Amino acid sequence: MMIEHHQHFIGGKLVESHSAGRIEVIDPATEQVIGTIADGDARDIAAAVGAAEAAAPAWAAKSAAERATVLRAIADAFEARMDEISALVTRQNGTPISIARAMQSQVPVVYRYFADLADVFEPEELVETASGDAIVRREPVGVVGAIIPWNGPQPLTAWKLGPALAAGCTVVIKPAQETSLDAFLFAEILTEADVPDGVVNIVTGGRETGAALVADQGVRKIAFTGSTRAGRAIAAECAAQLKRVTLELGGKSAGILLDDVDLDEFRPLVLSACSPNTGQTCRALTRVLVPSSRHDEIVEMLEETLRSIPQGDPSDPVNLFGPLVNALQRERVESYIALGRAEGATVVLGGGRPEGLERGYYVEPTIFTDVTNDMRIAREEIFGPVLVVMSYETVDEAVAIANDSEYGLGGGVFSSDREKATEVARRIVSGSVGINTSTLPIETPFGGVKNSGMGRELGPQALDAYLEYKTLFRAK
Ligand code: NAD
């Protein structure tokens, strides 16, 4: 059944799009069109920003504890619709359903986390000085534009909406065109949670819709997750308007296996650390650095592990590898696989399309060995289930390879010696590094350095991006 949404969610209501443009939503597992959405234009954005501006004073005037109540209501309403949302996300972007469910289950946790932060938020601090005292206030920045990618639509919305609402901002969300159908379920959730009209608005569309949101003068801050290329364009527009911006962009993170790594402990982490969501995750450890003394043994383990993971229909919970999100992404990934071969690397696993899956944008999980860090497959983000394995002689060399990258989003160090691994992790130039884990704690800041972006989401630090300081000096 086709799902058609030609409206946007503005001021608490579904309103017809000004734009006659429509975008098809395609199920990547079947290549069938499953729905259409409106390709919103600058008029739709202006209406949404207007609604967010109108709602801003009352929302900002609420106490943070009152806003926490609303965040908890969103969490509760989301929890009740989690299975439905997971299934719809899977139909749109091909995330294997078990993984989609795990990702959605994080969402209420994130809203409740920011509710807890709002509960203890003190908007004013008194500072005594020699000439008098001062009240230092933290006030919401104003209307926020949140631009979301397709790989984790609801979690990445929550990472932005949680702190924005806790801080007292109102928001216009622009979901990715591939994953906009679930945004309408989210609009229902917002209504069920009694979020005041205009506090959260949703406008669907493609790149131009996102650009219109960034360009709108009423938007005071942009929170973006997506490609480095789009991030640069967004940052340039924000610079021209001196608009605040946080960018969570791509990565080419290194997973360093130290020579004492216990492969029985690493094996269960391979999928979640190195190739989660069919490799379409920004912080995946897609460069695997292995000590040359253990190279063959580790490659064999990686091969066996990835080969044993079922790939196929993403709505079947048994499959943990699905298709890629769209035809373009498959083309991109396949062109990198061809490039790797041309650069002289060796394919030890995969490298083609899986047998028996003729329909759907499938690519086999692929491992390259004989890779050097100057090859493009080692330097550029592939965003698919493709790992490059590089060997090193010394830990210094491993650190040098890890840091010789334009990116700096994630990282991992795996060792039987936690302290030794921690020392190595300290030397990695990156926003975050996991030690013997692939889990990302939401209580700590997440984001990137270099081409991986700027600013942080999650953790108490996330609130800073949505707050402005204001100082009131008072004479003695
Ligand atoms: P993209 O960056 O083009 O799109 C992400 C979001 O930004 C979408 O909502 C899109 O409509 C919007 N957008 C794109 N250009 C914009 C602009 N100039 N101004 C405002 N909004 C804009 O990502 P994509 O085309 O879907 O995927 C391409 C590549 O991006 C992938 O291959 C991958 O490397 C990377 N990517 C990274 C992440 C991540 O989590 N960091 C997520 C998705 C994609």
Side-chain angles (χ1 to χ4, degrees), residues 52-75 109-146 158-171 195-196 198-200 217-224 235 238-248 422 426 429-432 441-449 453-476:
E53 283 178 316
W59 183 245
K62 281 189 190 295
S63 70
E66 285 173 307
R67 295 195 294 264
T69 309
V70 175
L71 282 165
R72 289 199 179 91
I74 297 175
V109 180
V110 171
Y111 286 117
R112 290 190 184 117
Y113 173 71
F114 285 105
D116 290 348
L117 285 183
D119 272 342
V120 296
F121 178 73
E122 295 287 352
E124 294 193 350
E125 186 193 354
L126 192 67
V127 179
E128 305 282 353
T129 75
S131 55
D133 63 16
I135 298 167
V136 178
R137 284 178 57 75
R138 285 190 292 165
E139 298 184 347
V141 293
V143 175
V144 171
W159 290 16
K160 295 164 180 56
L161 201 54
L165 295 186
C169 297
T170 56
V171 183
V195 177
V199 168
V200 183
Q217 304 266 351
V219 175
R220 293 314 311 146
K221 182 222 152 52
I222 293 290
F224 172 73
C238 289
Q241 289 190 27
L242 296 178
K243 184 176 286 191
R244 297 177 64 170
V245 61
T246 43
L247 304 168
E248 201 263 270
T422 306
R426 285 198 168 96
V429 181
S430 168
S432 64
I442 64 159
E443 299 85 354
T444 57
F446 177 76
V449 297
M454 52 189 178
R456 294 292 177 267
E457 298 190 298
L458 300 179
Q461 293 81 359
L463 286 179
D464 294 344
Y466 298 91
L467 291 164
E468 219 39 285
Y469 282 101
K470 178 160 109 192
T471 305
L472 313 178
F473 297 114
R474 302 200 293 187
K476 262 192 178 148

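Keep in mind it's a predicted model, so treat the numbers as computed, not measured.
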*asked:* Looking at Arg137 and Glu124, would you say the former's side chain and the latter's main chain have a donor-acceptor pair under 3.5 Å?
replied: no
*Hey, does the side chain of Lys243 reach the backbone of Ile222 with a donor-acceptor pair shorter than 3.5 angstrom?*
no
Would you be so kind as to tabulate the donor-acceptor pairs closer than 3.5 Å made by side chains of residues 464-473, with sequence neighbours excluded?
unit_1	atom_1	unit_2	atom_2	d
Glu468	OE1	Arg244	NH1	3.2
Glu468	OE2	Arg244	NH1	3.0
Lys470	NZ	Glu139	OE2	2.9

*Looking only at heavy atoms, what is the nearest atom pair of Thr170 and Ala52, with distance?*
OG1-O, 2.8 Å
*Compare every heavy atom of Cys238 with every heavy atom of Val245, then report the nearest pair and how far apart it is.*
CB-SG, 3.8 Å
*Can you name the closest pair of heavy atoms from Leu463 and Ala166 and give their distance?*
CD2-CB, 3.9 Å
*Once you round to the nearest 0.5 Å, how far does CG of Leu458 lie from OH of Tyr113?*
8.0 Å
*How far apart are the closest heavy atoms of Val219 and Gly145, and which atoms are they?*
CG1-N, 3.5 Å
_Derivation and outcome, side-chain contact (heavy atoms from CB on, under 4.5 Å), residues Ile74 and Val200_ = CA-CA 11 Å; Ile74 297 175; Val200 183; 5.7 Å; no
*asked:* Within this structure, what is the CG-CG distance for the pair Leu161 and Leu71, rounded to the nearest 0.5 Å?
replied: 7.5 Å
*Start with the C-alpha gap between Val143 and Arg220, add the side-chain angles, then the distance that decides, and say whether side-chain contact (heavy atoms from CB on, under 4.5 Å) holds.*
CA-CA 6 Å; Val143 175; Arg220 293 314 311 146; 5.6 Å; no
*Would you please name every residue forming a side chain to side chain contact (heavy atoms under 4.5 Å, CB included) with Asp119, sequence neighbours left out?*
Ala65, Ala68, Arg72, Asp116
_Reported CZ-to-CD1 distance for the pair Phe114 and Ile442, which is rounded to 0.5 angstrom_ = 7.0 Å
_Measuring from atom CD of Glu248 to atom NZ of Lys160, what distance do you get when rounded to the nearest 0.5 angstrom?_
6.5 Å
*Shortest non-hydrogen contact from Pro140 to Ala60?*
CG-CB, 3.7 Å
*asked:* For Cys169 versus Gly142, what's the shortest heavy-atom pair and its separation?
replied: CB-O, 3.3 Å
*Rounded to the nearest 0.5 Å, how far apart are CD of Glu66 and CH2 of Trp59?*
9.0 Å
*Taking C-beta and beyond as the side chain, do Arg67 and Leu165 meet within less than 4.5 Å on heavy atoms?*
no
*Atom CZ in Arg474, atom CD1 in Ile135: separation rounded to 0.5 Å?*
4.0 Å
